[in-house]
Amino acid sequence: MDKHDWDFIKNMSPLLITAFVMFLMMVAYETRADEDKVMGYTEHGIPVTQKELEVNTFNFERVRSWDWNDETNTLRLTFSKNKKIDVTFFNRCWDMAYATALQFNSWAGTRHIGKGDGIVPISWMNKRALYPCTIKTMTAVLPEEKDGEEN
């Protein structure tokens, strides 16, 4: 490398360092955790993040209805007063789309279900699925606006 090339690199080094740091910041911003992602807003306009919507446990005896979403592989449980929780699983729940009932299996043997517990879909022939669906995350669903707009 001759002197002219070396002087060019030396003079451009602040710009190159700045560009490299900005690139690292962009990568860090794009790969940040989903818990910082804004999931919706309260009625007062305060942003609600995914971490704030996480549910630790719920009483499975209070489940009124449920709905399976094949596209996102999530189970939406509806409780009294129209409270809803979305449940995602570690494994693929193949039999959930054909289930007519759900059986909740708690490791502690209580009425409360949490992360790591299982939900077993029961088919229309009253047959249990071979593999339980193990709960990965449980997230509360924000109520929809009265004017028909979604959050």
Original post:
Got a donor-acceptor contact below 3.5 angstrom from the Ser106 side chain to the Ile113 backbone?
Top reply: no
Subject >> Phe8 reachable from Leu15 in the ILVMFWY side-chain graph, under 4.5 Å edges >> reply: yes
Subject >> Salt-bridge present (Asp67, Arg76; N to O < 4.0 Å) >> reply: no
Original post:
Between Lys115 and Glu54, is any pair of side-chain heavy atoms under 4.5 Å apart?
Top reply: yes
**OP:** Describe, in one word, how the ring planes of Phe89 and Trp68 are oriented to each other, choosing from parallel (under 30°), tilted (30 to 60°) and perpendicular (over 60°).
**Re:** tilted
Subject >> Exceeds 12 heavy-atom contacts within 6.0 angstrom, atom CZ of Arg64 >> reply: yes
Subject >> Where Ile135 and Met138 come nearest, the two heavy atoms and their spacing >> reply: CG2-CG, 3.7 Å
Subject >> Any donor-acceptor N/O pair, Asp117 side chain to Trp107 backbone, under 3.5 Å >> reply: yes
Original post:
Would a 4.5 Å heavy-atom cut-off, applied to side chains only, mark Trp6 and Asp2 as touching?
Top reply: no
Original post:
How many angstroms lie between CD1 in Ile9 and NE2 in His4, if you round to the nearest 0.5 Å?
Top reply: 10.5 Å
Original post:
How many angstroms lie between CG in Leu77 and OG in Ser65, if you round to the nearest 0.5 Å?
Top reply: 8.5 Å
Original post:
Between Arg111 and Phe60, is any pair of side-chain heavy atoms under 4.5 Å apart?
Top reply: yes
Original post:
So do Cys133 and Met96 actually touch side chain to side chain, heavy atoms under 4.5 Å?
Top reply: yes
Subject >> Note, Asp86 side chain near Leu75 side chain (heavy atom, < 4.5 Å) >> reply: no
Original post:
Can you hop from Val55 to Ile119 via hydrophobic side chains spaced under 4.5 Å?
Top reply: yes
Original post:
Closest approach of Asn59 and Phe79, non-hydrogen atoms and distance?
Top reply: O-CE2, 3.8 Å
Original post:
Would you say the side-chain atoms of Asn91 pair up with the backbone N or O of Thr134, donor to acceptor, closer than 3.5 Å?
Top reply: yes
Original post:
Of the non-hydrogen atoms in Ala97 and Asp70, which two are nearest, and what is the gap between them?
Top reply: CB-OD1, 3.8 Å
**OP:** With rounding to the nearest 0.5 Å, note down the distance linking CZ in Phe20 to CE in Met25.
**Re:** 13.0 Å
**OP:** I would like to know whether Thr72 and Thr74 meet side-chain hydrogen bond (donor to acceptor under 3.5 Å, both in side chains); could you show each step before the answer?
**Re:** CA-CA 5 Å; Thr72 59; Thr74 58; 2.9 Å; yes
**OP:** Over all heavy atoms of both residues, which pair between Thr100 and Trp66 is shortest? Give the atoms and the distance, please.
**Re:** C-CZ2, 4.0 Å
Original post:
Going only through I, L, V, M, F, W and Y residues with side-chain contacts under 4.5 Å, is there a path from Val120 to Leu102?
Top reply: no
